[in-house]
Structures are given as structure tokens and as C-alpha cells.
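Computed from heavy atoms alone, side chains included, the values below leave out hydrogens, waters and symmetry copies. Since the structure is predicted, the reported quantities are computational estimates derived from the model, not experimental observations.
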Amino acid sequence: GDDAGTGGTGSGADAGVDDAGFDAGIDDAGFDAGIDDAGFDAGIDDAGFDAGTDDAGFDAGIDDAGIDDAGFDAGIDDAGIDAGAASCASGIAGEACTNGSGVCNDQGACISNFPYTPSNVALSALAGTDGGLALSLTGGVGAIDTTDGGFSFITAVPFRFVASDGGTGRVMVIHVDSMNVSGGATLDITGDNPLIIAVSGDATIAGTVLTRDMADSVDCIAAGTGGATAGNMSCDDGVGGNETCGGGGGGAGYGRSGGVGGTGGTSPSAAGGTAGGVSGGPALTPLRGGCTGGSGGLTGGVGGRGGGGLQLSVANALTVTGTIAARGRGGGAGGTSRGGGGGGGSGGAVLLEASLLQLSGKVTANGGAGGSGATAGTNGSVGADAHLDDALGANGGTSNARGGDGGTGLVDATDGANSTAGGGGGAGAGVGRIRFNVIDACVNPGALVSPAASTNGGTFTVDAGC
């Protein structure tokens, strides 16, 4: 029973009348020239086969009942779901979206799948929806405070806090479709919590992204505070007495150990603070920032805060031509009356995840320097913050007993100087940690990574064209 799409039959029929009950315009047995009473239209198929379309219940573009015969049509399926749209009919976080392209969050929105599984956060925990949101800074300094989720001089985007460190801490999580920090712009991230930025599309860092002043994680191996001891000799002028001097604070550790604080005075001397130890692991799961240096003894300088913890999880391409830094802060200056200098804060953590990482810029997590000690009449000086865009150690304070230098990927942190006439110098801090989880990466030979990054074993290419 094939026709040419005109309604006449090819067997048991004449040119104008069908002997078996089919006519040229109306089909007595349920087939007509323009409408198919039994689920097949003429001009399409009349017995399951037509001249150019399918023979098992698929039509050329429109089905007979407004929905397709076997559950498929060209644009709309028979359950009323558009082939290109996704929804979360159940409203249950963690369930698959209706078209299988993502995961539902607890707001009833479908979050698109990533080509890999992001670290430290489930897709169902991302706030907001897919659909054009951008984290963008084209000039000046924009700020994000991870303590309370504040945005300054940059448009706020959806975020939420999720538990981390086995429930002992929390992480701020931002979800956007794209991210851009233009050349000359700085995104300054401070606060007590690490930050995860999940990007469903591409991200470009041509300016500076800085994360700093992080509160200590529960697993920081703390740097020691400088001691304070009354000596048999003056700490200041060599005349016998019971003047008291302070030892320098120890430098914080994270990816590497910090230095030891300098001693203050003699007979006996005030002990310097112990070095902060190595903590955490290379995978940066859980995500956490750096550690705080030890304070100097007596009227000593405060320890520098550690660098923050930052994770960029980008579904597509992450291009870094600028700088991403989790730098440690310098230790404070020893105060009058012979206080010890404060130890430097360690570098923090930078975790970059992407289908494609293109790196020609700088990624650093260097340690801060120690502050110098004070004498009876002269305060110490502060230690320098870690360098953002090189692997040179930050310089310790130089007044009186010198502070130790901060550590980088090339040099370890140094100890604070001892003093017989005042407070000891605070020690420099160790580096933090950097991690690249990628499918593919192209790294320019001129790129800087300090300290060296651990990786997930993705494909890395070194090319001057990156």
C-alpha cells in the first residue's frame, strides 16, 4: 500500500476511485488525502510507509496527533518536555535534571554538568541558576569578604556557605557562568573562610586576584610565641639588672616549615618561638588557607596572617595572563621595652581546575617575613608581605635584631636574628600550596609558579605560544 503522497492507492484502485473502498478525496477505511484517521496522514504515510519519511511512527516534522506516534518528533517530545530545556520537577537537591544534562540544587534550578568533578563542592550545593551571570571586574579594586559574603566595588553574584574540614569550618561558594578580571584590575579577597568560584563557562584573569588574611585552619601546626625572660644582665646597656627581653615569634608553616624566632637578651635569654610545621596535603581537599605566625615576646609584634584559600573550578577554559596570589603577611615590629618581632604568616592555597588551563602569568603562595625586635628606646620594624609576582623572599624587618625572610618556591624561610641588647627577630614563614587539576594545560615557559604546583596528572604542554 504505497502511494506518492496524493491519496490514491497503487493496488486495487483506479485513477480516481478506489475499488476496495478508497476514493481520491476521502478514505472510507480511515485514510484520506490530507488527514490520517488512524495515526498516519496521507502525504506522509498511509500504511506505515511513505514516499520519503519513516515507516514506524516518525513523521517529517509534524506528527498526526500533535505529538509523535512513538514518542519522538522533530522538536517536541510526547511528554511535553522541550528537547533543549532542563528542569527539576522533583525539587530534590542532588537529583538529575530532566534532560540528564546536570544536577538539581535545593532551589529547584538545574546546574549544568562539568566535564570533570570539581573538588570540595557538589554541583547540587551551587547557588542560583545557569544563565548569563558573570563575575566581572574591568578596573580598579573590587573586594569580596568571605567572613560574611560581602561584595565591594564589584557586582554581587549568588553565593552560599557550605561546611568544610569535616564540619569544623565552612567555605564560601560563588557560582557564575563566566569570570573576568581585566588587566589593571585587582580582585582582593579577604576574610576568615576559603573561597570557591565555580564557573560554568570560561574564565580570564588578566589582572590580579589576591587572597589574604585568612583565619587559621584547625590543622595548622602553630608557630610558637616568643618567650620573655628576666636576665642577670641588662638586655639594653650591659648593666646588671632584671630587665626583661622578648624572643621573636616563630614563622608559620604550611607547604613548608617556617623559621625559628630569634632569642632576646642573655643569661638567660628569652627563647624564640618555635617554627610552624608542614600541614595539610597536596590535593587541597579540604580547601584551607595559610597559617598565622607567632607573636613576639613581651611587647612583641603580632604574627602575620596567612594567605587565603582560593579554588577556581572552570568548566571550560581558564586563561591566566595576570597574577593569582595567596600571599602571607609580614610579622609586626617589636614594641618598645625590648619586645620581640612577630613571625611571618605562611602562604595560602591556590587550586585551579579547568578543562583547559592556559597559563602565561603568575601563580604564587609565598610566605611573609618576620618583624625585627626592639631595644629599650627603638621599636623594631615590620616584616614585608610576601611578593606577589616573583620567587624572591620577602625581606625581614631590619631595625635592631633582623627578622627572617619569607620562603618561596626557590628559598626556604629563614630564622629571626638573636639579640643581646633587645628583643629577638621574628622568623620568616613558609610557602603555601598550589594545585592544578586539569584535563589539558598549556604553560608558557615564562610563567611563574611559586611554589611548584602538584597536579592530578592531566596533559601539560610547555609552549611559548600559550
Side-chain angles (χ1 to χ4, degrees), residues 113-123 164 171 179 194-199 201-205 209 211 217 219 253-257 278-290 306-328 346-367 386 388-391 407-412 430-466:
N113 284 329
F114 278 47
Y116 58 88
T117 301
S119 300
N120 297 308
V121 64
L123 293 180
S164 67
V171 176
M179 178 178 178
L195 174 64
I196 298 173
I197 303 177
V199 183
D202 298 321
T204 300
I205 309 300
V209 177
T211 178
S217 168
D219 62 351
Y254 184 9
R256 294 183 197 164
S257 296
V278 175
S279 59
L284 294 180
T285 52
L287 180 67
R288 42 152 292 199
L310 175 65
Q311 174 179 326
L312 300 183
S313 294
V314 181
N316 298 331
L318 169 58
T319 303
V320 181
T321 59
T323 299
I324 300 174
R327 75 172 178 190
S346 79
V350 178
L351 172 54
L352 303 183
E353 301 185 314
S355 294
L356 172 63
L357 171 63
Q358 299 178 106
L359 174 62
S360 59
K362 302 172 178 65
V363 183
T364 62
N366 297 323
L388 298 182
D389 52 7
D390 62 43
T408 74
L410 298 180
V411 296
D412 286 333
V431 294
R433 295 185 184 275
I434 298 173
R435 173 82 171 187
F436 297 156
N437 290 339
V438 300
I439 298 174
D440 292 292
C442 184
V443 181
N444 188 289
L448 171 69
V449 181
S450 174
S454 65
T455 74
N456 66 331
T459 301
F460 283 79
T461 302
V462 177
D463 191 324
C466 298

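- Rounding to the nearest 0.5 angstrom, the gap separating the CG atom in Leu310 from the CG atom in Leu352 is 7.5 Å.
- Rounding to the nearest 0.5 Å places CD of Gln358 at 10.5 Å from CG of Asp440.
- In this structure, Arg256 contributes its side chain and Thr408 its backbone to a donor-acceptor pair below 3.5 Å.
- Annotation for Ala283 and Leu351: closest pair O-CD2, 4.4 Å, computed over non-hydrogen atoms.
- Side-chain contact between Val443 and Cys466: absent, with no pair of heavy atoms (C-beta onward) separated by less than 4.5 Å.
- Contact between Thr321 and Ser360 at its shortest, heavy atoms only, is CG2-OG, 3.5 Å.
- Here the OG atom belonging to Ser346 is positioned 10.0 Å from the CZ atom belonging to Arg433, to the nearest 0.5 angstrom.
- Here the shortest heavy-atom pairing between Ala326 and Ala349 reads CB-N, 3.7 Å.
- In the model, Ser313 has a side-chain atom that pairs as donor or acceptor with a side-chain atom of Gln311 under 3.5 Å.
- Within the 4.5 Å cutoff, side-chain heavy atoms of Met179 are placed close to those of Ile205.
- Between Val449 and Leu359 there is a side-chain heavy-atom pair separated by less than 4.5 Å.
- Considering all non-hydrogen atoms of both residues, Val314 and Gly201 come closest at CG1-O, 3.3 Å.
- The side chain to side chain donor-acceptor pair (under 3.5 Å) test with Glu353 is passed by exactly one of Asn120, Thr117, Asn437, Asn456: Asn437.
- Checked by atom type, the side-chain pair Ser217/Asp219 shows a donor-acceptor distance below 3.5 Å.
- Residues Ile196 and Ser119 approach most closely at CD1-O, 4.5 Å, considering heavy atoms.
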What verdict does the side chain to side chain donor-acceptor pair (under 3.5 Å) test give for Ser450 and Asn366, after you've listed the backbone C-alpha separation in whole Å, the side-chain angles of each residue and the deciding distance to 0.1 Å? CA-CA 7 Å; Ser450 174; Asn366 297 323; 2.8 Å; yes
Please report the C-alpha distance between Val171 and Ser164 in whole Å, then the side-chain angles of each, then the deciding distance to 0.1 Å, and finally whether the side chain to side chain contact (heavy atoms under 4.5 Å, CB included) criterion is met. CA-CA 6 Å; Val171 176; Ser164 67; 3.4 Å; yes
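- At least one side-chain heavy atom of Ile439 sits less than 4.5 Å from a side-chain heavy atom of Pro115.
- Expressed to the nearest 0.5 Å, how far OG1 of Thr211 lies from CG of Leu195 amounts to 7.0 Å.
- The minimum heavy-atom distance between Val462 and Pro445, with the atom names listed, is CG1-CG, 3.9 Å.
- Here the side chain of Arg435 pairs a donor or acceptor atom with the backbone of Thr455 at under 3.5 angstrom.
- Arg288 places a side-chain heavy atom less than 4.5 Å from the side chain of Tyr254.
- Note: Asn316 CG to Asp202 CG = 5.0 Å, rounded to the nearest 0.5 Å.
- Here CG of Leu318 is found 6.0 Å from CD1 of Ile324. Values are rounded to the nearest 0.5 Å.
- Considering only heavy atoms from C-beta on, Leu123 comes within 4.5 Å of Asn113 through its side chain.
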